[in-house]
Amino acid sequence: GLAKLEYKPEGYNFWTWRDRKIHYVVEGEGSAVVLIHGFGASAFHWRYNIPELSKRYKVYALDLLGFGWSEKALIEYDVAVWRDQVVDFVNEIVKQPAVLVGNRQVLVVNSFFFLGGVTALVSAVSLRDRVKGVVLLNSAGQFSDSTTATTAEPVEGNALQKFVFDPLKELFQRVVLGFLFWQAKQPARVRSVLKSVYINSVNVDDYLIESITRPAADPEAGEVYF
């Protein structure tokens with residue numbers, strides 16, 4: 001019986017950031033709340049939260065670069081990209097102190113991807129007094145152990161690694177990840193996975209499925225995934 005955001009295949013609002021097309025939703029009035037989705041998700045995943053929160057707050061939900069209705073830019077992705085995007089979004093679109101809400105932890109081949117949570121944290125550090133608070137939902141641990149010591153290898157080993165092993169590794173990754181991406185974006189597969197993680201499987205409807213499969217059909221989506 002809860003109100004939910006209307007699904008619009010064409011998206012809601014768009015903002016040009018560094019010559020890239022960024023999609024976002026905005027509803028309500030009052031103090032600002034910025035919702036940041038997790039890995040593989042989009043602003044539409046907040047479809048039940050946005051109408052409820054907008055009764056008291058001005059709610060923003062944006063698609064991070066490479067996800068949802070935002071542009072699938074062919075760049076090297078890391079948390080600094082999404083941090084800069086959120087920082088500029090708050091400064092240029094929100095234009096008032098906000099609470100950042102970051103969501104999602106996914107375990108993929110022993111690696112934690114907690115895109116929304118870590119983006120909210122690092123953005124808050126950069127924004128300082130322009131952030132009134134941070135909320136983490138389903139957060140996880142760090143990406144990797146940055147304290148692990150590395151030792152230099154002989155020059156011959158580095159050359160062999162660079163010209164032989166690294167290209168072979170990339171080729172293997174492209175084949176494997178290409179297949180996994182093709183498999184993961186199939187509607188039946190998306191529905192099955194969502195029903196296994198949603199407490200109320202009734203919420204896994206056609207609109208939710210399309211909000212995932214539609215962006216995945218973008219010509220550059222596979223390369224962004226890689």
Side-chain angles (χ1 to χ4, degrees), residues 1-71 79 81-105 114-139 194 198-200 202-212 214-215:
L2 291 175
K4 61 182 177 182
L5 188 69
E6 177 188 359
Y7 180 74
K8 294 183 179 181
E10 72 279 7
Y12 300 82
N13 305 280
F14 291 91
W15 163 60
T16 300
W17 176 70
R18 298 184 180 179
D19 297 323
R20 306 295 188 184
K21 186 178 179 182
I22 302 299
H23 173 257
Y24 70 97
V25 178
V26 57
E27 298 280 345
E29 295 295 335
S31 301
V33 175
V34 178
L35 306 177
I36 306 170
H37 64 79
F39 187 80
S42 70
F44 191 71
H45 282 245
W46 302 98
R47 59 185 179 154
Y48 286 103
N49 306 92
I50 292 171
E52 192 66 27
L53 289 170
S54 65
K55 294 176 181 178
R56 297 180 57 188
Y57 307 102
K58 190 163 188 176
V59 182
Y60 298 85
L62 78 162
D63 286 344
L64 297 175
L65 188 67
F67 294 92
W69 281 259
S70 287
E71 185 172 339
V79 72
V81 172
W82 298 306
R83 175 203 63 200
D84 292 348
Q85 179 188 343
V86 171
V87 167
D88 290 345
F89 183 79
V90 171
N91 288 331
E92 297 178 21
I93 302 297
V94 180
K95 297 181 180 178
Q96 64 169 310
V99 172
L100 304 183
V101 182
N103 181 48
R104 197 68 176 275
Q105 164 238 308
F114 59 127
L115 187 62
V118 72
T119 300
L121 287 172
V122 297
S123 299
V125 172
S126 297
L127 287 163
R128 297 182 179 273
D129 58 351
R130 285 161 289 174
V131 169
K132 298 171 67 175
V134 175
V135 179
L136 301 181
L137 305 175
N138 305 314
S139 57
L194 290 179
Y198 269 59
I199 294 175
N200 184 359
V202 174
N203 290 330
V204 182
D205 56 24
D206 292 341
Y207 294 126
L208 182 62
I209 302 300
E210 187 176 346
S211 76
I212 296 174
R214 186 182 182 92

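Computed from a prediction, not measured in an experiment: that's the story for all the values here.
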**Message:** Is there a side chain to side chain contact (heavy atoms under 4.5 Å, CB included) between Ile209 and Val204? Walk through the geometry before answering.
**Reply:** CA-CA 7 Å; Ile209 302 300; Val204 182; 3.8 Å; yes

Got a salt bridge between [X] and [Y], using NZ or NE/NH1/NH2 to carboxylate O under 4.0 Å?
| X | Y | value |
| --- | --- | --- |
| Asp205 | Lys4 | yes |
| Lys95 | Glu92 | no |
| Asp88 | Arg83 | no |

**Item:** Donor-acceptor under 3.5 Å (Arg56 side chain, Leu53 main chain)
**Value:** no

**Test item: Gln85 side-chain N/O and Asp63 main-chain N/O as donor-acceptor pair under 3.5 Å** = yes

So which atom in [X] and which in [Y] form the shortest heavy-atom distance, rounded to 0.1 Å?
| X | Y | result |
| --- | --- | --- |
| Ser70 | Leu65 | CB-CA, 4.3 Å |
| Leu100 | Ala124 | CD1-N, 3.9 Å |
| Asn203 | Tyr198 | CB-CD2, 3.9 Å |
| Pro215 | Gly68 | CB-O, 3.1 Å |
| Val25 | Asn13 | CA-ND2, 4.0 Å |
| Pro9 | Trp69 | O-NE1, 2.8 Å |

**Prompt:** What do you reckon, are the aromatic ring centroids of Phe44 and Tyr7 less than 6.0 Å apart?
**Reply:**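 Yes, close enough.
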
**Message:** Tell me if the centroids of the rings in Phe89 and Trp15 come within less than 6.0 Å of each other.
**Reply:** yes

Is the [atom1] atom of [X] crowded by more than 12 outside heavy atoms at less than 6.0 Å?
| X | atom1 | answer |
| --- | --- | --- |
| Arg18 | CZ | yes |
| Tyr207 | OH | no |
| Asn200 | CG | yes |

Approximate separation, where rounding is to 0.5 Å, of [X] [atom1] and [Y] [atom2]:
| X | Y | atom1 | atom2 | answer |
| --- | --- | --- | --- | --- |
| Lys58 | Ser31 | NZ | OG | 11.5 Å |
| Glu52 | Leu2 | CD | CG | 6.5 Å |
| Ser42 | Arg214 | OG | CZ | 12.0 Å |
| Ser54 | Asn49 | OG | CG | 10.5 Å |
| Ile36 | Ser123 | CD1 | OG | 5.5 Å |

**Request:** Show your working on side chain to side chain contact (heavy atoms under 4.5 Å, CB included) between Val101 and Asn103 and close with a plain yes or no.
**Result:** CA-CA 7 Å; Val101 182; Asn103 181 48; 5.9 Å; no

**Message:** Run the ring-ring contact (aromatic ring centres under 6.0 Å, His included) test against His37 and tell me which residues pass, sequence neighbours left out.
**Reply:**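 Partners of His37 by the ring-ring contact (aromatic ring centres under 6.0 Å, His included) criterion, ordered by chain and then number, come out as Phe67.
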
**Request:** Could you walk me through whether Phe14 and Ile22 pass side chain to side chain contact (heavy atoms under 4.5 Å, CB included), step by step?
**Result:** CA-CA 5 Å; Phe14 291 91; Ile22 302 299; over 6 Å; no

**Asked** Would Ile93 and Leu62 count as a side chain to side chain contact (heavy atoms under 4.5 Å, CB included) if you check the C-alpha gap in whole Å, the side-chain angles of each, and the deciding distance to 0.1 Å?
**Response** CA-CA 11 Å; Ile93 302 297; Leu62 78 162; over 6 Å; no

Is there side-chain contact between [X] and [Y], with at least one heavy-atom pair below 4.5 Å?
| X | Y | result |
| --- | --- | --- |
| Leu35 | Ile50 | yes |
| Leu5 | Glu27 | yes |
| Tyr60 | Val33 | no |
| Leu194 | Ile212 | yes |
| Leu121 | Thr119 | no |

